[in-house]
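Both backbone and side-chain heavy atoms feed into the values below; hydrogens, waters and symmetry mates do not. Below, chain A is the first sequence line, B the second, and so on; all start at residue 1.
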Amino acid sequence: MDAVYFDNYAATPLHPRVKEAMHRIVDEVFGNPSSDHRFGQAAAEALDTARKQTANLINAEPEEIVFTSGGTESVNHAIKGVAFSQREKGRHIITTNIEHKSVLNCLRTLRLLDYHITSLDVDEYGLVDPAAVEKAITDQTVLITIQLANNEIGTLQPIADIAKIARHKKVVFHTDAVAAAGIIPIDVKALDVDLLSLAANQFNGPNGVGALYVKRGTPIWPLLEGGVQENRKRAGTENVVGIVGLGVAAEMAWLESHERLEKFRTLRRKLIDGLNARIPHLKFNGHPTQVLPHLVSVSVEFIEGEGLMLLLDEEGICVATRSACASGSLRASHVLIGTGMDFALAQGTLLITLGRDNTEAEVDRLLEVMPRVVQTLRDMSPIYQKNVAA
Amino acid sequence: MDAVYFDNYAATPLHPRVKEAMHRIVDEVFGNPSSDHRFGQAAAEALDTARKQTANLINAEPEEIVFTSGGTESVNHAIKGVAFSQREKGRHIITTNIEHKSVLNCLRTLRLLDYHITSLDVDEYGLVDPAAVEKAITDQTVLITIQLANNEIGTLQPIADIAKIARHKKVVFHTDAVAAAGIIPIDVKALDVDLLSLAANQFNGPNGVGALYVKRGTPIWPLLEGGVQENRKRAGTENVVGIVGLGVAAEMAWLESHERLEKFRTLRRKLIDGLNARIPHLKFNGHPTQVLPHLVSVSVEFIEGEGLMLLLDEEGICVATRSACASGSLRASHVLIGTGMDFALAQGTLLITLGRDNTEAEVDRLLEVMPRVVQTLRDMSPIYQKNVAA
Amino acid sequence: MYSPTVLDHFKNPRNVGEIAEADGVGEVGNPVCGDMINVYLKVKDDVIEDIKFKTFGCGAAIAVSSMLTELAKGKTLDEAMKITNKDVAEALEGLPKNKLHCSNLGADALHAAIKNYRDRQAQKAVPGEAEKVPHIPEKVDACYCPYCDMENKGQAEFCVSCGADLPHEH
Amino acid sequence: MYSPTVLDHFKNPRNVGEIAEADGVGEVGNPVCGDMINVYLKVKDDVIEDIKFKTFGCGAAIAVSSMLTELAKGKTLDEAMKITNKDVAEALEGLPKNKLHCSNLGADALHAAIKNYRDRQAQKAVPGEAEKVPHIPEKVDACYCPYCDMENKGQAEFCVSCGADLPHEH
Ligand SMILES: Cc1ncc(COP(=O)(O)O)c(C=O)c1O
Ligand SMILES: Cc1ncc(COP(=O)(O)O)c(C=O)c1O
Ligand code: FES
Ligand code: FES
């Protein structure tokens, strides 16, 4: 039996059209897009097309798209680029407690470089209060960076409201939309953000390719400095194969948007209801309605997530875990802790993310297998019987 | 007739084995290398192999290889990473006047952040004097960054000598080897450098993929911060397709090293002698012997390089130019000016770089075409007759 | 990422369970990551006749518990006291760098169970009550970054040289 | 990168050369990039009867020179004085952003040649000597970064907001 892939948040299977396009570039286009001869121009044209496709996905202008090596570079570029560019104006930055590590670690470094960070609390669903953002703004504030969707619990933040406040207070606003772009419709003009990060591997494009939307006029330094590529905002010879993959993935995400959303909603409902019916002591995380349509975050009481993930893999089902043990960082998920969850429960959290290729039969398979492996681990757990008995 | 490609410095045609490997990854491996299930582990294994192949090319340990999005990121990472990590120790950095833009622009930014830069003069061949490096070191010096080979004139710097001085004075030493790695043999242990940058597109690998060698124990911050990828030195989901291409390109560069060098030497000799015999008023740049074997930098008097490049492209021959007009930056090459060349002559400089796929017949073709197009442009030039008459 | 032996012990853990009337019980927990290993002993003539475990923790923690019980079974108490975390990790044919600390809990739990048995014999402990040990790693880890080997001050949250998180709380 | 019209004029430039006994000569040079355009005029009854150019410069500079001579030929001097750099760029169906300044040299050289002709008529200039104009771009470019539209102080070498090189010396 083929393995079932429910970890579309970590990476998505390449869309057939993306594969096709990448194969073509590997075979035919090796030139450097900065070269003015025919080989270079072929590469430059491939980038142009990808730029239009990517811009179209989020309703940006092509000149506002800066290609990057992924979500992390986009986020680092946005945060450090604005912080350094605006350092004479002020050194205060506002964020939330549940941002992705790429945001957190940039800000941690900026703290060492004499920046001052305000990190806002979120409620039990992971929502931040726009009024709290407004209150945190001082005349030293140069950047607000708040994710569009949380990558662990799926909660969607009220970005348009926050952007309005930022615009009014003349503070640059970056939203990390890596977990959302290509999944739900995004319109940078309607949102009115200054900067937005996205990554191709969230929507059936290749790993290690992303983009930063930079609204014209936004003060930002390059993060990678050198040549004059990417409208002078990002130096370095471009990853043409990958960028073409991003472009086609963006186009397909746009074209298939409705059917994908439809499928996500059906399968997600089935998954949540099915798990709830079959396994006691589960907690589903994230906002009940303001949430990514393809993501289920579920905390399984009394056991730890990595073991669960490995046993499911053994059964041919691939999911992700948010347990500290598996993250390589050995701390509990700051997102789950940020929503007020206790440590042991956070350790037992699985992240099941759907993709365009998943089927109902695959969901059925998970629903059949999961109760069994959960029970195996619970039987091994020193805290299960005590608690269930009580 | 097929077009002839002599711009192997800008990008190289992919090696057939590189294409094969990239096709395989596009078709078969989409997982995120950080995922612990089978899909992730397949990607992680592909990275492991590429890491060994890349390490082997420069005689490094696999753990000392950090994959990046290309030469520019490697350079930015090395320079800013050390500068920020060492900022409490001191803020003085030593470099030369003829580094690549990626080095220059990083240092320009650091100047704004209160770092102090000493940029050393080079002689007419582009050589820097190790004694001058030693003299420039102060107790505030935290980094020396000097290229291994110059990318415009091919001159090889006395890196081992400089590295010895740096080691003795306990200053971190980075060498930008983007123009040299994969072309000439490099042994990081023999050179004893702390950091070394390289890029795949210089040796028949893909664009937008590179590596930074980081000797164990080197104090360096990540440039891209976030997850724990790349031994915690470079966050972000990895560009697996590209990195696999880099790995195979490194392996092939290693295996084919002798035959490639042989070919480069023969064709280069033929090219220089042939041009000299056929076109008056040429100047060949760079050191006569300490020079990259595949690169010819020639300044054509009385004309400007972009026109020459475009007319050659018209004839199916692709070369690069170092004229300011074509670079997008509209300044004359700082490298050529750095070697003492006057402005107008610098404007007429062509860069002809050989690759593993070039043939004698292609060199003959260039030798046949070039005199004609040079004459066309000279006839159009207001300074030609005046000077030649004189 | 895990060696075949680790995977085997994780997937087919030996000696899972509790011993109803255990002669000694050790419970070691890590307050930071929440992991917990309980070890139950049946002792006869100073030899570990039976041993079982229950574990809340990652795959490595489970494999470590399983291997540990295999190593200890049949040994005298004195021999078993000499089993180190390193022995367990080696018997498992290695653990990933970031999982080495998981093996630390294993031998500690065994030693706690033996201590508990001996305390009961010496009537210093009440039968039925376990020896509970919070597992706090040694401070020494904090001073040298395990990733770049540079020195860091006291309780630094991350390495000032390479920026890596310092796992010293674990 | 270049429009087909630019490429056509670059590859088949019209009116290349010098006019031996020119009635007016304009030489415009850019001290920073070294580019130079010379324009030679033959004038009859205030009409440009013949016009030729010689150019040291990039493809755009050559195409601009060629198009410029085509636009000017047959025009009266007054009409030709009204030809702007923008007219030339438009006739060429656009120039890449970073090449717009190349078109600046074109009309300047034409105007210099006309001025030289008129000066000679008015005996303010010696026949055989050209009107030489160093081409220095206006300062206004320096103040607003053309890439991010942010304001920069005086002679900033690069934009303090976006880090781009400021081409104001050109
Ligand atoms: C010497 C040198 N350093 C750095 C770079 C930057 O490399 P990349 O364009 O791959 O980012 C180059 C590129 O051409 C180079 O020649
Ligand atoms: C919200 C968010 N931001 C940033 C990133 C970093 O993206 P990448 O791993 O592509 O560099 C991720 C990745 O998972 C993410 O979920
Ligand atoms: S037990 Fe804590 S990470 Fe494995
Ligand atoms: S004439 Fe200077 S760039 Fe074209």
Query raised in the report: Is B/Phe284 atom CZ crowded by more than 12 heavy atoms from other residues, nucleotides or ligands, each under 6.0 Å away?
Result: yes
Query raised in the report: Would you find more than 12 non-hydrogen atoms of other residues, nucleotides or ligands less than 6.0 Å from D/Asp45 atom CG?
Result: no
**Report entry** Region of B/Asp342 that comes under 4.5 Å of a non-hydrogen atom in chain D
**Finding:**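 Answer is neither: B/Asp342 stays 4.5 Å or more from chain D.
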**Report entry** Region of B/Leu311 in contact with chain D, defined by heavy-atom distances below 4.5 Å
**Finding:**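 It is both, since atoms from each part get that close.
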State, yes or no, whether a side-chain contact exists between [X] and [Y] at a heavy-atom distance under 4.5 Å.
X        : Y        : value
D/Lys11  : B/Glu314 : yes
B/Pro382 : D/Glu27  : no
D/Phe56  : B/Met380 : no

Query - Heavy-atom pair with the smallest gap, counting every atom of B/Ser381 and D/Lys54 - result: O-CD, 3.6 Å
Query raised in the report: What distance do D/Thr55 atom OG1 and B/Leu377 atom CG have between them, rounded to the nearest 0.5 Å?
Result: 11.0 Å
